[in-house]
Amino acid sequence: MAGEASTKPPADSEHHEAQTPPPGEPINLIAFCCNWCSYAGADLAGVSRLQYPPNVKIIRVMCTGRIEPEFLLHAFELGIDGVLVCGCHIGDCHYISGNEKAEVRINTLKKLMDMIGIDSRRLRLEWVSASEGTRFAETVKDFKEQIEKLGKNKIYIAQS
Amino acid sequence: MATGTGSTDKPPVEKEQVQETVQQPEPGKFEPQIIGFLCNWCSYAGADLAGVSRIQYPSNLKVIRVMCSGSVDPILIVESLIRGADGVLVAGCHPGDCHYIKGNYYTKNRIKILKEIIKKTGIETERIKLEWVSASEGSKFASVVKEFTDKIRELGPSMVAGDQPNIDQLEGLYVLRNILEDFRLNVFITRMHEWIEDGNVYGDKLSEEQIMDHVNKVVDDEFLRTRILFATKEKALSVQTLSNIFKEPQQKVLEHLVTLRDRDLVRVEGTEEDAPLYIAQPQEGKRISTLPRWAQVERKSITISLANLGDVDPETRSYIARELLLTLRCYNCERRRSEVCHFSVCIRGLMSGVVE
Amino acid sequence: MSAIDELIEDTGAFDCVECGKCTSVCPVAEINSEFAPRLIVVKAQAGLEGLAKEKDIWSCLTCGLCNDMCPYKVDFTEFIRGMRSEAVIHGALPVCSKGGLLQTMGRIMTSPELKQNRLSWVTDDLKVAEKGDIYFFTGCTAHFDYIFEEREIKTSGILVAAVKIMNSAGITPAVSNDEVCCGHDLNWTGNEEHFEKLMEKNLEVIKASGAKQVVFTCPEGMRTFEFDYKDIAGDLGFEVLHISELILDLIDQDKLQHKDLDGKVTFHDPCRLGRHLGIYDDPRDMIKETGAELVEMERSRNKSTCCGVSAFATCEASSKQMQIERLKEAKKTGAQKMLTFCPKCWLHFKCSTWKKFPGLEEEVDIPIEDATIFFSKTLE
Amino acid sequence: MEKIGAVMIAGGGIAGMQSALDLADSGFKVYLVDSSPTIGGAMSQLDKTFPTNDCAMCIMAPKLVETGRHHNIELLTNSSIKDVKGEAGNFTIKVTKTARRVREDKCTGCGICTLFCPIEVPDSYNKGMKLRKAIYVRYPQAVPPTHTIDMEHCIGCGICESQCKANAIEYAQSDEERELNVGAIIVSPGFDEFNLELMRREYGFGLFPNVISSPQLERMLSATGPYRGLVLRPSDGKMPKKVAFIQCVGSRDRSIGNPYCSSVCCMFAIKEAVIAQEHNQGLQAHIFFMDMRAYGKEFDDYYIRAEQEHGILFTRNNRIADVSQDPKTQNLILNYIKDGEMKSEEFDLVVLSVGMVFPKDAKNLAEKFGINLNEFNFCDTDIFNPTSTNIPGIFVAGAFEAPKDIPGTVAQASGAAAHASALVSGQRDTLVVEKTFPEEIDIGGQDPRIGVFVCHCGINIGGVVDVPEVVEYVKTLPNVVYAEHNLYTCSQDTQEKIKQIAQEQNLNRVIVASCTPRTHGPLFQNTIRGAGLNPYLFEMANIRDQCSWVHMHEPDKATDKAKALVRMAVARARLLEPLPKSEIEISPSAIIIGGGVTGMNAALMIAEEGYDAYLIEKTDKLGGIVNRLHYGLRGEDIRKYLTELKSKIDSNDKIKVYLNTTLENFSGFVGNYEAELNVNGNKETLKTGVVIVATGGKEYKPEEYMYGEHDRILTQLEFGELLNEGKVKGKEFVMIQCVGSREEHRPYCSRICCTHAIKNALKIRELHPDSKVYILFKDMRTYGFREIYYEDATREGVLFIRFDNETKPKVSKDGDGIKIEVLDHFIQEDVALYPDYLILSPATLPNEGNYDLAQMLKVPLSKDKFFLEAHMKLRPVEFATEGVFLAGLAHSPKFFNECISEANAAVSRACTVLSKRIMEAYSAISVVDEFKCIGCGTCEEICEYHAPSLVEKGSGKLVSEINKALCKGCGACAVACCNGAITTLHFKNDQILSMVESAAEELKRESSKPAEEAQTGASTSGAD
């Protein structure tokens, strides 16, 4: 059917101003998940067989409070297209306030990223609890679409 | 007749020996081809005595000397039938005379089991005969040969020989050969004597009926399973199709497929209108082998008589014919239609023909 | 060991006769007994195999006190900088502050596709332009606002003050959104590859602005242009100028009217401005111009000690003590404020005081301020 | 006679295993006797479990392996109990271990013998749908893995002995008599399925091939089942399109002698429908039922999701009378009523949800132990002692007490273990041997030698990810010296294999790519400790829950992602370092928060176990919500029980009661908790080892049905009190169920209200024989033996009218009387009632205090704001945080006896901590580099646990030091420390960055040179 519109459902393709990634190169995402809440949430998504895009690779940390801004900026330096940080809801943190510290650090880093020229929407902080399997799957889907709209991260600094 | 060049890879010597003894039947009158396995110490000597005393007996018997009748593996007998022998005679010492003490006991049980299970292929059990002939019974040997030849002449040629082989019987023989190669049936064949005489590992003796029940059950299961493996070698088939081919209840076919799948001999390959399709898994090193190479003839054509296929709807009938065609190939030289085949040498000559 | 031999030759390290003068003045040696500049040079001469992996080369503050003191003019700091790029090749990496965030930021800025927006500090009342005779190089001063947000000091205020001063003198300095970090931190932590890429970008930006002079507030930026850029790219095609020098010129040409301030202040000479660039008097004259009374600390001009951390890679136990000693010294002068030009000195001194200390408060609670901001107060 | 510090458990199912582990971890010798050749019981036959859809084997494997390997547990499988003598504290039991003719010490479970055995026998484990050999093992991950010769079918051919490499076959093995000397006995033989042959006429089971039982469907769904996870019609091997589930087959049926409800079949059917639809695309499940009994925690959510998300059809009020078969297609025809008219529909497959009956050796056990059985041959217990039998010292747990689900079984098993250990608490640690590991190998200075074990997990991973391809890829990664894949890496024989390979290849890092480290991490860490490796030289790649299960429709992308995840794990493994073990002191006491029946029972049990108990109650009296109850379902006198309980509490000197007390502050860690109490005004601090949360729940004050606007509209509790005081007059009574429960905003079922309504209705009929009682309900959820009382109510003439969320009854004033209009589904008309009393069955709500308490204890709350336990199925009475336990209504609404079971269970779990003087502390903590630390104090300020503190070091220099016991390893201080002086062990910066770099590896393109990079004008002079 020559000239047939892209097979994507019409609603989705309307507001797709930025070009989706070249078919060759898929979106490459990293997610830092805290061991007690969001990693368990990700497991629950698995146990309930909720399907979400395979572009995200999860790294387990004991608490989002352990995430140095350097980890996130280093990821962008290496060409990762988006970093998702998932922690416990405020007040749920197994270490009481790890997530609050993470929130402050990540908001500051976002300002720095904008200044440096990396779109701060490529970094996203989400609260996912141990019983929110569906929320984790939705977040990953939504984040991937959001990054697809932003397009590939053009920065790539080869490490010596 | 296909002609052409190209070397024929020499078949192993053992086959050579069998070929001279079974000639191409002259047209018109049927001369039975009989193979005889004679134990060296008694029946072979008996045959010599007949010779020395110039006792005449028909020339149809081709003798193979073996050291003891106990060494005649049932597979050899089935192999001979496959090769087109119209009858097989096994002759050994009288019980108790065996130069190797119990050799003939084993033969007795083996032939009994073989006669039992050969029925599944539809081949007349009388084509296999066991006789005890001692070194001194020259005349008895002659009369045995004479009677056996007449019996075979009465039975007529083996349905499996010649251009128009009876596919069912042929396939049955091949299935039987596989089962005999497999370990399950062998346990019974080899240890039957011990169980009856000195009892099993727990010391209690088994009766012959008990053993034959097991044998029949094993053969029934393995026969159908091997046929399923043959049929699904090239193409994945559903339970429905298989049960149509073999005219077995679908439930039974399914149970066998479950066991075959547990033995990693079959895997599911897609589905067709909600029915999973099963295909045989290529098994290197596994002893269960599929249809002989000779039976796989290149796609072009072969004459198959489907007369005795029974009342099957036309669609399935043509399907089956086509399937079996696909799997037939020259046994001796494993060559396909397009390659050179010295038609005259090969006794099977199954190279050309057309579907009816 | 060819690279190290070549380095020893360039920096004249062979001439070292181990007289030990450098070790006596070295602020790190004073606290950390195992560290001695001489020791490293001697090991290099002996061609020791594991030298590149030596932990000590990362403790040196490259403050230049030893260079200044060395009778045989051994350029020890350049020797250490060379050794560090060797060390990096051998995989002996420094433990940088903030996990190496500054170094990562520097490397990211070498990426050609980057579209920065680093001029967010330019408020409406400031007049800046794309092109102009004078180019104002800002470097990473604005970025420290966010990286060290918890220390509540706005280093971007230095840039605002500098532009205000230039505007009041009728100068509309050229600035550029494509300007990148001068590369000082990468250069001094052994990453020459990305340092050169940053240099190329900066030179290109300044060429595009058509400037004849480039003004610096940050001494590290100026030293990097003055020595390292010229060392690699030869004649830059423009003159390098410090803000204090510019202010004094403008006052001479009385383009700059300012009122006087009162109060007693003291001045801390940043190593890069003092010992590296040799600029001691301009800052002092500029401060005197404001009318405030300048009192000198016990150790000042080329003798002033270091703020304890360089290139965000050498922060150790000794750094803290140096900062406290320096603040005590400043307090002793009776000055109400300690001025300095380098945003990093300001940051590191603030680090040692923003926390309460049992029994130390009154000795170190002297406020610290940037000299440019101090001078800009004369314009209101 | 002196007591013996050992316990015998009869029945090695999930209940037996849980009791065994609790007791063995609390210092008692355990003899676990099972009649079948392996332990694991019915749960091992399940594929998935509700409501979490966890794979049953995956959550049971750790317990199986641990029980098999535990040095204090002796397994006596294939054994039966011959004779029992003695009394509580000192029993002598004769056990015959029937010969399995395979030596347990030699058989490795390799299975060669099963390959060569010529005899094929229908496999009862797989419900006859598969064949096994005469020498067999029940299931692949069986513990002990020893094979067994089935003497019934073996013809003694001798082939297995000739093939067995380990020469473990011993035909002449004879039965073995064992005499066990124990202090207490726990009986947990489980249950049997109702014999469906008795229903041959109605449902054609055994007649029509496509009518199967729910356990048969479960085997089909299991990866080790006959069709490897596919659902096929036994008649023709086709994949069924329409599958019908018929509920209550063999339960709730007085005609066949099983009037009780088997409690689990409703949820079991929903789960099977959901999983069947997942395995067979396009399969449509249709469940025919009377009441959908989804009474447990998050069961209703599962039921709603099954209906709305998975599109499973539910047809109510339809107990299918009979099933007929179309001979040609062997499909089945069911007739049922829908919207008032008769329907007949053809189905490809019919599944009978079979009920539970008493285990076949129940009579034998009862006779041997002398325990009483109830009329259905289950063990007879009373609501006050749910785990005690009539014989002191013999306890009961699991389905043998009454049909129940796995969480209920596990809770009761721990409860029974508590009673058993209390009985012989004096003899703790007398017969046990300390668990020892081989001496740790020093791997200092070695290059990383990594071993990678990739798991199929049946078809869970292998079905989507091409595991062999991943293994080939892993072999190419640097430092990986060994890589292989296994069907079940968590099974016991593979664990041994890993240990052996680790030693052979002298690995110094081990990676397992399988499921989530949260559940299986400790299991594998213990395995490599057995090979002499420090447990922290281990890393897991989660290629199941976070890869194969969530990318099922993109197998090749899932395979690539699995490769990436393993590559990242390898990158991190290269940088892993061994961490030293550190120990913590345990103070032997417990704080119990909440003085209700649950709290009181917990306190009593802690005291009986020999530890101090501090019972904290918010109000001024003990008893909680049970104070408002008078009598039980079978007329038990609750008031009397309560007073006795309170007097036991007061007279016990080991229990200290704090009334009007709330918890102000709570800190510390397992074994060393510190609680600041506000004891009516004044402060008091307590140091304790563990905490048990038993804060209970509260009755919902209804806002609907005009409650509070009429003095004769009451709640069940209020009405119960009036009834008991005889102040109730009137002819007509109407009860409305699910008031506030099973609503949009509160989807859970409060579990007890149906039975409570029935109890009050029967009381009304008893006191006012000529009165009329109506019960308006959504689903009558009187599960277990409570069903008999529901039957009594119908016989007593109580009228039941069903409504649902759309057709709720309307309550209005009629003069000073009450008017209720409700649609009767059968006659499809509005019915008006004018009762004298309207009794509402309100929901049970979580306490508001839960939120603050959860903050303080740092434990999570579930969606419905009850406390969230560590694992819904297998750890129902403890939190993820070590040392904090949970029981009673605080977990979820439940019955009186279930609360008591959970209270004892929590204590039994707590004893696994309290019984140890020293516990191994968490070693992945943060440490300070003395030379780098500038003593700025940021870490001291930021840490919630006050672990780091500035310390004077030598020359007056301030340096931070981190207290090993307080540090939790969260890593917040490491980030706050500006110059990197603090590193968090096992989560160092380079270890995490290595994973980031490895994740970005696929983007290996040379650094993006700007296409239009102009050569800078300035020529490079100077340097060259």
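Predicted model only: the values in this text are computed from it and were never measured. Below, chain A is the first sequence line, B the second, and so on; all start at residue 1.
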Trainee: Tell me, for D/Cys978 versus chain C, whether the close heavy atoms (under 4.5 Å) come from the side chain, the backbone, both or neither.
Mentor: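 Both backbone and side chain.
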Trainee: Heavy atom to heavy atom, less than 4.5 Å: which residues from residues 97-106 of chain C reach chain D?
Mentor: C/Ser97, C/Lys98, C/Gly99
Trainee: In terms of heavy-atom contacts, does NZ of D/Lys932 have more than 12 from other residues, nucleotides or ligands at under 6.0 Å?
Mentor: yes
Trainee: So which of C/Gly308, C/Ala313, C/Ser59, C/Ala317 has the biggest tally of heavy-atom pairs under 4.5 Å with chain D?
Mentor: C/Ala317
Trainee: If I take atom CG from residue D/Asn979 and atom OG from residue C/Ser319, how far apart are they, to the nearest 0.5 angstrom?
Mentor: 7.5 Å
Trainee: Would you name the heavy atoms of D/Ile934 and C/Cys315 that are closest together and state the gap between them?
Mentor: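 Reported closest heavy-atom pair: CG2-SG, 3.7 Å.
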Trainee: Nearest 0.5 Å please: distance from the CG atom of D/Asp929 over to the CD atom of C/Glu316.
Mentor: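 Here the interatomic distance stands at 8.5 Å.
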Trainee: With C/Trp188, which residues qualify under side-chain hydrogen bond (donor to acceptor under 3.5 Å, both in side chains), at least two apart?
Mentor: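 C/His184.
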